[in-house]
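What follows is a short report on a single structure.
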Amino acid sequence: MASVKVSAAKSTPLARNLPTFITFDKPMHEQTVHDLKKAITAKNPKFHPSRQKLTLKGESKPLADHSTLKEAGVEDGSEVTVKDLGPQIGWRTVYLIEYAGPLVIHPLIYHFPRLFFGGAVQHSVLQKYVYAAVMLHFIKRELETLFVHRFSHGTMPFRNVFKNSGHYHILSGLLLAYSVYSPTFAANSPYIRGTIRENPNFLWSCLAVWLFAELSNLSAHLTLRSLRPAGTTKRAIPYGYGFSLVSCPNYFFETVAWTVIAVMTGSYAAWLFLVVGTYQMAVWAIKKHKNYKKEFGKDYPANRKAMFPFIF
């Protein structure tokens, strides 16, 4: 028999009986942190494991769910503190909501220009191609969320859904669609007529690069999926197409795809989304690159960059 004292980092109405003692009939090396969370929930049914952040008493580093209690430094008689993280929402659900925004907004503005511009818009070939590319991109992202991605974390704070969705719904949804499908880019616009933006060779070349980037991004996602068995948070060193040069080729190819849209259109909205998105992906890439090197040490390829081959 082994017991752990659980106290509240801050008073929460979902666990009024804290501090309390959790008793296990198995040794610490056979119990995980997630088992401890479930035991807390058993005593406090409304306090779901996803809302709990466990730390050793006096420390701030959260205990990983998959770690055994022994690995996490929890011994018989130890005290851990639990913090209520608030309402949670699944990562998969958040992704589906994020990508659904542009899939609704773009068709509305493209097919009903009178509602947004006060009159009909004779769509140029450029507008038709961009519309198809944006819709295919986000349909791909929805399908990847459902059938490809395996998440290391099950949930995130519910409030994050508004911040995350705003990036896609506003920047790549409302702002991009309102700009690119406007009369400025119409077939009879001086911005289009007689310029490179109605040149078939230019447009098809751009689409070829876009398709290459989208398929390469998918390939990277499939590689990452193959490294993590279903239902686990296992991490391994990725190898293969794209990964020989950078730790996050999926971010690199995503940047290439949106660069194509920005170059094709010259739209301020496309360039803004590209800059903001690239910055955010660079932040994530740096973090993941450092985590790879920290976790795998000398086994991790030393010549890899974080996101951009040979540069960054």
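This is a predicted model, so every value here is computed, not measured.
Cluster membership check: L215 shares its hydrophobic cluster with W210, using side-chain heavy-atom separations under 4.5 Å among Ile, Leu, Val, Met, Phe, Trp and Tyr. The hydrophobic clustering, which links ILVMFWY residues whose side-chain heavy atoms are closer than 4.5 Å, places I311 and F253 together. There is no path of hydrophobic side-chain contacts, each under 4.5 Å, that joins I40 to L85. Tracing side-chain contacts under 4.5 Å through hydrophobic residues (I, L, V, M, F, W, Y), one never reaches V283 starting from F252; they form parts of separate clusters.
Taking the six-membered ring for Trp and the full ring otherwise, the centers of H106 and Y181 sit less than 6.0 Å from each other.
In this structure the side chain of L222 reaches within 4.5 angstrom of the side chain of L218, judged on heavy atoms. Between S7 and L18 the shortest side-chain heavy-atom distance does not fall below 4.5 Å. Between F273 and H167 the shortest side-chain heavy-atom distance falls below 4.5 Å. Taking the side chain as every heavy atom from C-beta outward, R51 and P87 approach each other to under 4.5 Å. The shortest side-chain heavy-atom distance between K305 and V246 falls under the 4.5 Å cut-off. Between F185 and V130 there is no side-chain heavy-atom pair separated by less than 4.5 Å. For the pair I237 and P301, the minimum side-chain heavy-atom distance is below 4.5 Å. Side-chain contact between E144 and N217 is present, with at least one heavy-atom pair separated by less than 4.5 Å.
Here CZ of F202 is found 3.5 Å from SG of C206. Values are rounded to the nearest 0.5 Å. Here the CD1-OG distance, from I22 to S3, works out to 9.5 Å after rounding to the nearest 0.5 Å. With values rounded to the nearest 0.5 angstrom, R235 atom CZ is found 7.0 Å from R228 atom CZ. Note that NE2 of H169 and CG of L175 are 14.5 Å apart. Values are rounded to the nearest 0.5 Å. Rounded to the nearest 0.5 Å, atoms CZ (F47) and CG (D84) are 4.5 Å apart. Here the OH-CD distance, from Y191 to E198, works out to 13.0 Å after rounding to the nearest 0.5 Å.
The shortest non-hydrogen separation linking S124 to Q127 is N-OE1, 3.0 Å. Summarising the geometry of T41 relative to Q52, their closest heavy-atom pair is OG1-NE2, 3.1 Å, with the distance given to 0.1 Å. Contact detail for L146 and R92: the closest heavy-atom pair is O-NH1, 3.9 Å. In this structure, W91 and T155 approach most closely via the heavy-atom pair NE1-O, 2.9 Å. A pairwise comparison of heavy atoms in L14 and N44 identifies O-CB, 3.4 Å as the closest pair. Here the shortest heavy-atom pairing between M156 and V94 reads SD-CG2, 3.9 Å.
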- Task: Could you walk me through whether F243 and Y292 pass the ring-ring contact (aromatic ring centres under 6.0 Å, His included) test, one step at a time?
- Result: CA-CA 12 Å; F243 289 96; Y292 276 135; 8.2 Å; no
- Task: Take H149 and H221 through the side-chain contact (heavy atoms from CB on, under 4.5 Å) test and state the conclusion after the steps.
- Result: CA-CA 7 Å; H149 293 325; H221 287 158; 3.7 Å; yes
- Using the side-chain contact (heavy atoms from CB on, under 4.5 Å) rule, take V148 and L143 through it: C-alpha gap first, then chi angles, then the decisive distance, then the call. CA-CA 7 Å; V148 178; L143 292 174; over 6 Å; no
- Task: Give the intermediate values and the outcome of side-chain contact (heavy atoms from CB on, under 4.5 Å) for residues T255 and L274.
- Result: CA-CA 7 Å; T255 299; L274 172 65; 4.1 Å; yes
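In this structure, a donor-acceptor pair under 3.5 Å is present between the side chains of T55 and T81. Between the side chains of H34 and T32, no donor N or O sits under 3.5 Å from an acceptor N or O. Checked by atom type, the side-chain pair Q88/S50 shows no donor-acceptor distance below 3.5 Å.
Applying the 6.0 Å contact sphere to CD of E75 captures no more than 12 heavy atoms from other residues, nucleotides or ligands. Counted within 6.0 Å of CZ on F158, heavy atoms from surrounding residues, nucleotides or ligands total 12 or fewer; the atom is thus considered open.
Checking side-chain atoms of E30 against main-chain N and O of P27 turns up no donor-acceptor pair under 3.5 Å. Judged purely by atom type and a 3.5 angstrom limit, S189 uses its side chain to pair as donor or acceptor with the backbone of T184.
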Please output the side-chain donor-acceptor pairs of residues 107-123 that fall under 3.5 Å, not counting sequence neighbours, one pair per line with the distance.
from, atom 1, to, atom 2, distance (Å)
H111, NE2, Y131, OH, 3.1
H123, NE2, Y110, O, 3.2

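F138 and W258 have tilted rings, their planes meeting at an angle from 30° to 60° on a 0 to 90° scale.
For residues 260-289, the set of pairs meeting the side-chain hydrogen bond (donor to acceptor under 3.5 Å, both in side chains) definition, not counting sequence neighbours, comprises S179-S267, S247-H289, Y251-K288.
Evaluated for a side-chain hydrogen bond (donor to acceptor under 3.5 Å, both in side chains) with Y99, the options R141, K140, E142, H137 yield exactly one hit, R141.
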